[in-house]
Every structure is written in C-alpha cells, then in structure tokens.
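These notes concern the structure reproduced below.
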Amino acid sequence: MIILDGKKTSDNIKDEIALAVAKRKEAGLKIPHLAAIIVGTDGASMTYVNSKVKSCQKVGFNSTLIDLPEDTTEEQLLHEIQDLNKDPDIDGFIVQLPLPKQIDEQKVLMAVDPDKDVDGFHPVNVGKMTLDLPSFLPATPYGILELLERYEVETSGKNVVVIGRSHIVGRPMSILLSQKRKVGNATVTIAHSRTKDLASITREADIVVAALGIAEFLTGDMVKEGATIIDVGITRVPDDSKKRGYRLAGDVDFESVSKKAAFITPVPGGVGPMTIAMLLKNTLQACEQRDASVKG
C-alpha cells in the first residue's frame with residue numbers, strides 16, 4: 001500500500017511555482033497577485049484562507065486578504081468583487097465559501113471575472129472544462145489529477161466511482177477522468193445519496209473518489225483488493241482523548257480500507273494541500289495569460 005502524500009507533492013509543486021516566479025522577477029515581469037475575500041468568522045474557512053496567504057508568501061506571490069464582517073450585504077460583497085475584477089494588479093481571486101445566509105452564492109460566483117476565476121467555478125470555466133478547452137480547472141479535482149499523475153496511477157480503461165455530485169468536486173472530477181487526457185480515459189460512475197446498493201458498485205471500482213462529506217463512510221468491505229482510494233472529505237469528529245476535543249476524519253475509514261488499497265490518500269495531508277497548490281498554479285497561469293494579452 002502506497003500513501004499518496006499530498007503534503008509532499010504540494011511542496012514540490014510550490015517549489016516549481018517559486019522557481020517560475022523567481023524567473024519572472026529576473027525577467028522584469030509582473031509578480032502574480034492572488035486575492036481572497038472571506039465573509040464572517042467561520043473557523044474552517046479562516047484556517048483555509050490563512051494557509052492560502054502563507055502559501056502565497058512561500059512561492060513569492062503578492063497576496064491580498066479582504067476580511068468582511070458576517071453582516072456584509074450581498075450588494076457590498078458584489079461591489080468588492082467588481083473592484084477586484086477591475087484592478088489590473090490582481091491576477092486571480094477567490095471568494096471563500098460558504099457565505100452567510102443573506103448572500104446568494106450563485107450570484108456571487110457569476111460576478112467573478114472568468115479570467116480571474118482561479119477557483120474554476122464560473123460557468124464559463126466549467127463549460128470550457130466540459131468541452132476540454134483551456135480553462136481554470138477547479139482546484140480540488142485538478143489536485144487529484146496531479147496526485148494521480150505524479151504517483152503514476154493508471155486511469156486509462158479503469159472503472160472509477162465518484163461518490164458525491166457536487167459542482168465543486170464530484171461532477172467535475174467525473175468529467176475530467178472520462179476525458180481524453182493523460183490522467184483520464186476512465187469509465188466513470190457517479191454515485192450519490194439516491195444510489196441503491198452502493199457497496200456493490202464501489203466493489204467493482206479500480207479507483208474510488210469519496211467526496212460526500214460523511215466521516216468514515218467508505219469501509220473496507222466496500223472496496224476491492226488493489227483499489228486506489230481518493231479521500232476528499234474532512235470532518236471534525238468528537239474525540240475526548242484529543243487535547244482539542246476532536247480528531248480529523250475523512251470520508252474513508254482509513255484503518256479498514258488501507259489494508260486492501262494499493263494507493264490511498266490520508267486525511268489530513270492528502271487532497272487538502274493539493275487544492276491550495278493548484279490554486280496557486282491557476283494564479284500563475286492567469287498571470288501568464290495576462291502577459292500574452294498585453295503583448296497581443
């Protein structure tokens with residue numbers, strides 16, 4: 001059994017990005033600039049955004065964090081987004097989800113300039129991804145593809161089951177793995193809350209991507225020997241034995257599944273770090289595209 005180490009792989013990607021930034025600096029080119037908007041004080045969101053800011057520092061990006069109060073109106077948030085859309089120094093930006101109840105997430109995502117949408121959530125980028133045209137790929141699926149590629153996990157002709165149909169992970173993951181690409185050419189099944197006898201489906205899978213948000217849902221009796229398991233979930237599970245009162249668990253019961261898997265991602269340290277690394281890669285791509293448009 002081989003651990004798909006997202007922490008180590010993401011560090012390698014960040015080193016590659018840092019080298020590209022250093023070369024841009026030497027050549028007198030623009031330094032990539034990533035901005036993030038966070039609304040409210042959701043603990044997990046704040047931790048995630050802060051890690052993005054630290055990652056920007058590590059690779060030599062400029063970064064801006066716009067921290068808005070919980071009672072921010074939809075109109076105020078849309079105004080902030082328009083300012084970032086117009087700012088020529090900002091190459092890419094993200095609006096951290098979830099948003100407070102008074103704000104329509106779909107309206108917010110639609111307001112982001114597709115050329116600065118480094119999260120890959122805008123319908124323009126989703127459409128381009130679906131048609132296999134150049135676009136910003138959603139960071140988490142992109143990170144999974146990169147992890148599979150760097151560990152040389154074969155996907156061509158394999159049976160893949162994606163558990164979860166979210167627009168952020170499940171659905172784009174199913175599209176990307178079925179496309180004609182280096183990490184792709186798979187036969188993909190999407191499973192979800194209405195799927196009947198899920199275990200009989202996952203037991204036939206060469207690769208399982210678990211992205212449903214239920215702690216330790218996928219157990220050892222649901223997978224076959226030699227399968228590759230990608231665990232996207234992360235949940236705080238109460239645990240009195242821990243100083244902080246909880247432990248982090250994925251959607252996969254690591255103890256039982258790892259005994260049968262050929263490759264498996266850990267939680268934490270698997271998919272999570274890869275998501276941030278690919279967000280940075282998208283931002284570098286956005287900066288390079290702006291170079292090309294200026295020259296054009």
Side-chain angles (χ1 to χ4, degrees), residues 1-10 13 129-130 132 137-193 195-234 249-275 277-278:
M1 188 269 294
I2 295 172
I3 295 286
L4 298 174
D5 190 337
K7 176 70 172 66
K8 180 183 175 183
T9 307
S10 69
I13 293 168
M129 175 201 72
T130 303
D132 204 9
L137 299 181
T140 299
Y142 192 9
I144 293 168
L145 293 181
E146 194 77 12
L147 204 51
L148 291 171
E149 180 174 348
R150 294 192 182 221
Y151 276 87
E152 299 181 348
V153 177
E154 183 60 70
T155 59
S156 182
K158 301 298 183 182
N159 289 322
V160 176
V161 173
V162 178
I163 310 173
R165 51 183 168 180
S166 75
H167 296 307
I168 295 172
V169 181
R171 200 165 295 280
M173 195 76 253
S174 68
I175 292 167
L176 291 165
L177 283 172
S178 67
Q179 287 176 337
K180 291 181 180 178
R181 55 170 65 235
K182 188 172 181 181
V183 181
N185 293 307
T187 301
V188 184
T189 300
I190 297 185
H192 44 75
S193 59
T195 301
K196 293 181 180 178
D197 195 9
L198 177 59
S200 68
I201 297 171
T202 55
R203 276 194 289 266
E204 296 299 314
D206 302 302
I207 300 170
V208 179
V209 180
L212 71 165
I214 301 175
E216 298 170 341
F217 175 85
L218 190 77
T219 52
D221 62 331
M222 296 173 71
V223 302
K224 71 177 184 180
E225 290 283 347
T228 294
I229 310 297
I230 306 295
D231 191 348
V232 181
I234 186 160
D251 289 352
V252 175
D253 177 29
F254 188 88
E255 188 175 342
S256 63
V257 174
S258 62
K259 291 173 183 173
K260 297 173 80 173
F263 297 90
I264 189 168
T265 60
V267 173
V271 172
M274 293 299 296
T275 298
M278 304 324 283

Give, for atom [atom1] of [X] and atom [atom2] of [Y], the distance between the pair rounded to the nearest 0.5 Å.
| X | Y | atom1 | atom2 | answer |
| --- | --- | --- | --- | --- |
| Ile3 | Tyr151 | CD1 | OH | 8.5 Å |
| Arg171 | Thr130 | CZ | OG1 | 10.0 Å |
| Met1 | Leu4 | CE | CG | 10.0 Å |
| Met173 | Ile163 | CE | CD1 | 13.5 Å |
| Thr187 | Asp206 | OG1 | CG | 9.0 Å |
| Lys158 | Leu148 | NZ | CG | 12.5 Å |

If you look at every heavy atom in [X] and [Y], which pair is closest and at what distance?
| X | Y | result |
| --- | --- | --- |
| Pro141 | Leu176 | CB-CD1, 3.8 Å |
| Lys224 | Ala205 | CE-O, 3.4 Å |
| Ser10 | Lys7 | OG-O, 2.9 Å |
| Ile264 | Ala261 | CB-CB, 4.2 Å |
| Lys182 | Glu149 | NZ-OE2, 3.4 Å |
| Glu146 | Met274 | CB-CE, 3.8 Å |

| request: Take Asn159 and Ile207 through the test side chain to side chain contact (heavy atoms under 4.5 Å, CB included) and record every step on the way to the result. | output: CA-CA 6 Å; Asn159 289 322; Ile207 300 170; over 6 Å; no

pair [X]-[Y]: side-chain heavy atoms closer than 4.5 Å:
| X | Y | result |
| --- | --- | --- |
| Ile230 | Val252 | no |
| Leu218 | Val223 | yes |
| Pro172 | His167 | no |

Among [options], which one satisfies side-chain contact (heavy atoms from CB on, under 4.5 Å) with [X]?
| X | options | answer |
| --- | --- | --- |
| Phe217 | Asp253, Leu198, Asp231 | Leu198 |
| Leu147 | Thr9, Ile13, Asp5 | Thr9 |
| Ser174 | Val169, Ile190, Thr189, Val209 | Ile190 |

| message | If you apply the rule side chain to side chain contact (heavy atoms under 4.5 Å, CB included), what do you find for Val183 with Val153, and how did you get there? | response | CA-CA 8 Å; Val183 181; Val153 177; over 6 Å; no

| field | Donor-acceptor contact present, side-chain Asp251 to main-chain Ile214, <3.5 Å | value | yes

| Backbone of Asp221 reached by a side-chain donor or acceptor of Arg203 within 3.5 Å | yes

| Just wondering, more than 12 heavy atoms not from Glu204 lying within 6.0 Å of its CD? | no

| query | Near His192 NE2, under 6.0 Å, is it more than 12 heavy atoms from other residues, nucleotides or ligands? | reply | yes

| task | Walk me through it: do Thr155 and Asn185 pass the test side chain to side chain contact (heavy atoms under 4.5 Å, CB included)? | result | CA-CA 7 Å; Thr155 59; Asn185 293 307; 5.8 Å; no

| query | Would you say the side-chain atoms of Thr219 and Ser256 include a donor-acceptor pair closer than 3.5 Å? | reply | no

